[in-house]
Amino acid sequence: MSAKCIDIGFLEEKSSWLLHPRFFPSKIGGKPAWLDLKNIPNPSQFTCKKCSDPLVFLCQVYAPFEESDSCFHRTIFVFICRNGSCCQLNSSDNFLILRCQLPRKNDYYSFEPYEENEQENFPMDKWSKLCNLCGLKGPSHCSKCKKVFYCSRKHQIIDWQKGHKEACSNLQQINEFCSNNFIVTEAGKSILFKEWELIVDEEDEEEAQNVDPNQEMEKLRKLIQEKKAGTMSNVSDSELEQYAGTLPEDKVFNKFTKRVARHPDQVLRYDRGGMPLWITGNTENCINHVPNCQYCDGERQFEFQIMPQLLNYLNVGIEVNSIDWGVLAIYTCKSSCDNGPVYKEEYVIKQDLTK
Ligand SMILES: [Zn+2]
Ligand SMILES: [Zn+2]
Ligand SMILES: [Zn+2]
Ligand SMILES: [Zn+2]
């Protein structure tokens, strides 16, 4: 009996302009490459439920449904609060998942794919003003130059202190100003995650060459135990020790490391309609009933999961109270309905590795 083939995601460095919305990227970090450019939700929807800070873009996965005309383009977006202290065990309150889809014929993009031309004129601010710092919708602007926009007062202050103070007086002289507000500024780097392309490909059955799965399994266990990949924040040392003692009995964890060891660098597993690869058998705290879609009342299904290895690429730190997760399992409306707002909220389960 062979396991069903699924897709897994890896990270690659890529020039920012190649991750522009017109190329329909899957990506990690930087600014969101919005799909629908006009109906971007208001910043109030991106407020952390725990600390009220603006959420920051984590990643997006481009995942069209071939069978549906309205899902010719389809992207799932993941946002997270940057404050590690808002990361609580088996709670996804510091996340926001949004789904957006467009037919092939739409107001924003050409019917045929774009050529990779850096100079192509694609004025995004024709559709929406975006925060100069983080790329969320920017309803307010700098009162001096009136040329850059912000999602929140907090981001306006950071941008002023870390760069716009100098740029502002120059901008005041310019009449024709077209902001390239997709590129991350120096100030933006202080709050956004490093930008990567997410390459999604079939998981092949064979182990990668030159990789010893047993060795990789040990490495992975060590990473997780050292909190470099996985989640042990907010757990006391004695609890950690207790946990380490129980490791061999956690069959789910063993299965997880074994499967992941084939391709240790994977940051995403995409298996629409399948089952998540849970990180632990201790599930009672987090795996609740997944609610139906609030727009069509239809069922949701599992679509993809974000792996703890992604934390290694984000430079979030390994100290207690840094951003952390075991797996993030994302569930979306099975029929990917068109009801409700253009950006539709979906559901995430955060499973942590705890006793
Ligand atoms: Zn928060
Ligand atoms: Zn912002
Ligand atoms: Zn200004
Ligand atoms: Zn629905």
Side-chain angles (χ1 to χ4, degrees), residues 29-32 34 40-48 52-58 63 65 67-68 70-71 74 76-77 79-83 96-101 124-125 128-175 177 179 181-193 272-273 290-303 330-347:
K31 294 178 176 179
W34 298 109
I40 296 164
N42 287 321
S44 59
Q45 208 185 326
F46 296 87
T47 303
C48 174
S52 316
D53 271 2
L55 299 179
V56 165
F57 173 73
L58 178 66
F65 279 14
E67 69 275 22
S68 160
S70 68
C71 301
R74 178 175 174 278
I76 312 294
F77 297 84
F79 296 86
I80 186 176
C81 176
R82 271 229 85 149
N83 296 330
L96 175 71
I97 315 298
L98 295 175
R99 166 170 61 90
C100 181
Q101 57 207 33
M124 294 224 297
D125 46 350
S128 291
K129 308 295 184 201
L130 300 178
C131 177
N132 198 41
L133 196 73
C134 74
L136 294 184
K137 193 171 178 176
S140 56
H141 56 72
C142 171
S143 59
K144 294 203 171 68
C145 65
K146 300 184 176 64
K147 291 192 176 84
V148 292
F149 293 79
Y150 295 102
C151 71
S152 58
R153 176 120 187 95
K154 184 169 173 145
H155 283 182
Q156 181 170 6
I157 292 168
I158 295 174
D159 201 39
W160 181 258
Q161 289 167 343
K162 296 196 174 176
H164 185 62
K165 192 175 173 181
E166 259 101 86
C168 186
S169 50
N170 294 332
L171 286 181
Q172 288 171 43
Q173 321 293 321
I174 305 169
N175 289 327
F177 174 69
S179 77
N181 48 19
F182 183 65
I183 302 294
V184 176
T185 60
E186 277 307 310
K189 284 179 186 160
S190 66
I191 63 139
L192 295 173
F193 297 110
R272 180 182 152 200
V290 175
N292 280 2
C293 169
Q294 63 263 53
Y295 310 108
C296 71
D297 202 35
E299 261 177 61
R300 280 198 172 95
Q301 66 183 0
F302 172 69
E303 185 165 354
I330 279 109
Y331 290 78
T332 55
C333 175
K334 205 168 177 175
S335 62
S336 208
C337 67
D338 289 309
N339 302 2
V342 169
Y343 283 86
K344 304 168 215 305
E345 250 187 82
E346 295 288 8
Y347 193 72

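Every number for a ligand or one of its atoms is a count from 1 in the order of the listing.
Looking at Ser336 and Gln101, their side chains do bring a donor and an acceptor atom within 3.5 Å of each other.
Listed here is the closest heavy atom pair of Lys31 and Val184: N-CG2, 4.0 Å. Heavy atoms only, all atoms of each residue included: Gly29 and Phe57 are closest at O-CE2, 3.2 Å. When all heavy atoms are compared, the tightest approach of Leu136 to Cys151 is CB-CB, 4.0 Å. Between Lys137 and Leu130, the shortest heavy-atom distance links the atoms CA-CD2, 4.0 Å. Between Gln156 and Cys142, the shortest heavy-atom contact is NE2-CA, 3.8 Å.
Partners of Lys146 under the side-chain contact (heavy atoms from CB on, under 4.5 Å) rule, at least two apart in sequence or in another chain, are His141.
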Next item on the list: Run the numbers on Cys333 and Lys344 for side chain to side chain contact (heavy atoms under 4.5 Å, CB included), then give the verdict.
Entry: CA-CA 10 Å; Cys333 175; Lys344 304 168 215 305; over 6 Å; no
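Looking only at protein N/O/S atoms, the ones less than 2.8 Å from the Zn ion (ligand 4) make 4 in total. For the Zn ion (ligand 3), the count of nearby protein N, O or S atoms, meaning those under 2.8 Å away, is 4. For the Zn ion (ligand 2), protein N, O or S atoms under 2.8 Å: 4 in total.
Of the charged side-chain nitrogens involved, none lies within less than 4.0 Å of a carboxylate oxygen, so that Glu303 and Arg272 do not count as a salt-bridged pair. Under the 4.0 Å criterion applied to side-chain N and carboxylate O atoms, Arg300 and Glu346 are assigned as salt-bridge partners.
A distance-only check finds no donor-acceptor pair linking the side chain of Thr47 to the backbone of Ser52 [under 3.5 Å]. Checked by atom type and distance alone, the side chain of Trp34 pairs as donor or acceptor with a backbone atom of Gly135 at under 3.5 Å.
Proximity of Ile158 to Ser190: side-chain heavy atoms (C-beta onward) are separated by under 4.5 Å at one or more points.
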